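Everything on this sheet refers to the single structure shown next.
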There are 2 protein chains.
Amino acid sequence: MGRSRLFDEADVVRSARQVFWDRGYEATAVPDLEAATGLNRSSIYHHFDSKRGLFDAVVDSYLDDVVRPRLAPLMSPRVEPGALEGYLLGLQRAMLDESTALSTNGCLLLNANGSALGHEAALQTVISRYCADLRAAIASGVTAARPELDSAAHETTVTTCTGLIFAAMAIVRNDRLAAAGMIDAALGVVSRG
Amino acid sequence: MGRSRLFDEADVVRSARQVFWDRGYEATAVPDLEAATGLNRSSIYHHFDSKRGLFDAVVDSYLDDVVRPRLAPLMSPRVEPGALEGYLLGLQRAMLDESTALSTNGCLLLNANGSALGHEAALQTVISRYCADLRAAIASGVTAARPELDSAAHETTVTTCTGLIFAAMAIVRNDRLAAAGMIDAALGVVSRG
DNA sequence: TCGGTTGTGTACCGGTCATTCCAGTATATA
DNA sequence: TATATACTGGAATGACCGGTACACAACCGA
């Protein structure tokens, strides 16, 4: 059945992810992707069809490898009372560690949302689902942490907590400490408010 | 002293602002700017030195014409108790009105922060100052609205309110109603929490 | 060993990028 | 009116963009 590929697709997508995450879609050139992945142009186009095709694979891997692992404890059928606090502390820790892509670049999808790609229907759908999933996970965490809240207070707490996470991811590129402060505020809202 | 210019600089920068705001810096081409401003390439380069020079002028005009007017009631020496609520309601109204650039594009500076320009020192400085000014304005508004809060509660309220504004601006492109919900949460935090 | 199939490398494509040059035009001062 | 100065239009610049064509290399099943 022909020659077998010489690269590991997951590795390639991860390398490409770093570049897109760092520079954004528009500012990333195909030669940058060649250099980062070690793949030749023709291989990239053979396996991913286009620069955009590789970006779509990167988005999938971002959701699978970056977003979901962190969110997993909040998406299980039985959520621990401390799961949300654990999630927030883990996020804060990553944001304060300047060696992580999260702290230097924020959220790949929120960044894309603010770029020209943010007006594209296909990506909008992905981002909408991402937001909905994140919000649902936070809601589960709030339910587990604060089961006594009435419906309105629950809703407010979820919105505020989710918003502070978005805010932290939007600003972490510019000011890590400010982002950490947003997460602190989220921790406070969950535990006290 | 030679020929006088045939265009109004404020008009030109405002037209360019719409394009940069909509597409982001990288995805905006000089021909797009020619079409939007009505200026020829040579005039653009003569007056603004470069695409980047025009973008810098656009950033200034964004701060002067978009950000500061809204924030003005919160930056005066005497801030009304209802000033922050008024600011938040005005922001929410603009975000729900699909004909505004704010609702379709979010914040020009936060979008730039998430693009490749976000790694550039010069723009980082501008964005840091913007964040600091916004936070200071919110702090004045919180002081006026909730003078009874102790220092810690004041700080938490300011952080939460500022964060929810960032969150709303980060997500409004994708989901106007979600953004409006964030502002609602901010209103709740200011009035009750 | 051999045909068919898949993966990879080199070279190239037309198009567009930001930028520059320069000739020519308009105007303010002298 | 003369001249210096500022502004503008059009054409051209080299570099780079994303994408493609094609030959060859490697490997599978037979």
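From a predicted model like this one, the values you see are computed outputs, not experimental measurements. Numbers restart at 1 for each chain; the letters A, B, ... are given by sequence-line order, proteins then strands.
In this structure, CZ of B:Phe48 is placed 11 Å from P of D:dT8, rounded to the nearest angstrom. Summarising the geometry, the separation between CZ on B:Phe20 and P on C:dA18 is reported as 9 Å, rounded to the nearest angstrom. Here the P atom of nucleotide C:dA18 and the CG atom of B:Asp49 are 16 Å apart, to the nearest Å. Atom CG of B:Leu39 is separated from atom P of C:dT19 by 16 Å (rounded to the nearest Å). For B:Arg41 and D:dT8, the CZ to C1' distance is 14 Å, given to the nearest whole Å. For the pair A:Leu33 CG and C:dT8 C1', the computed distance is 17 Å after rounding to whole Å. Atom CG in B:Asn40 sits roughly 14 Å away from atom C1' in C:dT25 (whole-Å rounding). If you take CZ of A:Phe7 and P of C:dG7, they are 8 Å apart, rounded to a whole angstrom.
Within a 6.0 Å sphere centred on CD of B:Gln124, other residues, nucleotides and ligands contribute more than 12 heavy atoms. In the displayed structure, B:Arg93 atom CZ is contacted under 6.0 Å by at most 12 heavy atoms of other residues, nucleotides or ligands.
A cation-pi arrangement is present between B:Lys51 and B:Tyr25, with the terminal nitrogen or guanidinium carbon under 6.0 Å from the aromatic centre and inside a 45° cone about the axis.
Put simply, B:Ser43 has a side-chain N or O that comes within less than 4.0 Å of OP1 or OP2 on D:dT8. Between A:His47 and the phosphate of C:dT6, there is no side-chain N or O to OP1/OP2 separation shorter than 4.0 Å.
Comparing A:Glu34 and A:His46 along DNA chain C, the residue whose closest nucleotide (by nearest heavy atom) sits nearer the 5' end is A:His46.
Here the side chain of B:Ser42 is nearest to one of D:dG18, C:dA18, D:dT8, namely D:dT8.
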